[in-house]
Amino acid sequence: MFAQERHRRVTDLLAERQKLTLEELCAVLGVSPATVRRDLQYLERIGRVVRTHGGILHPAYLGGERPFHEK
């Protein structure tokens, strides 16, 4: 599976569940924890996920005010 496909799959799953663990992502994507971590670093950098210890959250899950560029 290409990186872009993994990124899309992660964001789709996150939209459904709002939070995911590293173990869940490894099982669903069929890749190593190191690969998932690299993907999550990229997705966090572009604002698609919020990384936590052991997993990720959907940015909207935390609530709060939307970033200025989205208003």
Side-chain angles (χ1 to χ4, degrees):
M1 180 180 291
F2 293 113
Q4 292 83 3
E5 293 172 313
R6 289 193 310 271
H7 298 166
R8 185 171 8 132
R9 183 73 175 128
V10 168
T11 55
D12 290 347
L13 280 172
L14 198 55
E16 293 173 14
R17 301 185 194 177
Q18 300 296 307
K19 56 184 175 177
L20 295 164
T21 65
L22 182 67
E23 292 81 20
E24 289 174 322
L25 291 169
C26 289
V28 169
L29 299 173
V31 296
S32 72
T35 300
V36 172
R37 285 187 190 101
R38 280 191 302 272
D39 288 344
L40 297 181
Q41 285 175 340
Y42 170 75
L43 291 170
E44 181 181 42
R45 193 169 47 246
I46 64 171
R48 298 282 175 93
V49 303
V50 175
R51 292 175 68 202
T52 63
H53 183 74
I56 57 172
L57 300 172
H58 192 280
Y61 183 79
L62 298 175
E65 190 174 355
R66 291 186 345 220
F68 182 76
H69 71 276
E70 290 181 7
K71 292 180 181 180

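- Annotation: ring-ring contact (aromatic ring centres under 6.0 Å, His included) contacts involving residues 19-42, sequence neighbours excluded, comprise H7-Y42.
- In this structure the side chain of V10 reaches within 4.5 angstrom of the side chain of L29, judged on heavy atoms.
- Residues that satisfy the side chain to side chain donor-acceptor pair (under 3.5 Å) test with R8, not counting sequence neighbours, are absent from this structure.
- When the side chain to side chain donor-acceptor pair (under 3.5 Å) test is applied to R6, the partners found at least two apart in sequence or on another chain are D39.
- Between L43 and I56, every side-chain heavy-atom pair lies at or beyond the 4.5 Å cut-off.
- Among pairs with a residue in residues 10-39, none fulfils ring-ring contact (aromatic ring centres under 6.0 Å, His included), at least two apart in sequence or across chains.
- The nearest pair of heavy atoms linking P59 to G47 is CG-O, 3.7 Å.
- Taking the side chain to side chain donor-acceptor pair (under 3.5 Å) definition, one finds that T35 meets it with S32, R38, sequence neighbours left out.
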Sequence neighbours left out, cut at 3.5 Å: what donor-acceptor pairs do the side chains of residues 12-24 make with other protein atoms?
from: Q18; atom 1: NE2; to: A15; atom 2: O; distance (Å): 3.2
from: T21; atom 1: OG1; to: E24; atom 2: N; distance (Å): 3.1
from: T21; atom 1: OG1; to: E24; atom 2: OE1; distance (Å): 3.4
from: E24; atom 1: OE1; to: T21; atom 2: N; distance (Å): 2.8

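- Put simply, I46 and L25 are part of the same group of oily side chains (I, L, V, M, F, W, Y) that touch within less than 4.5 Å, one to the next.
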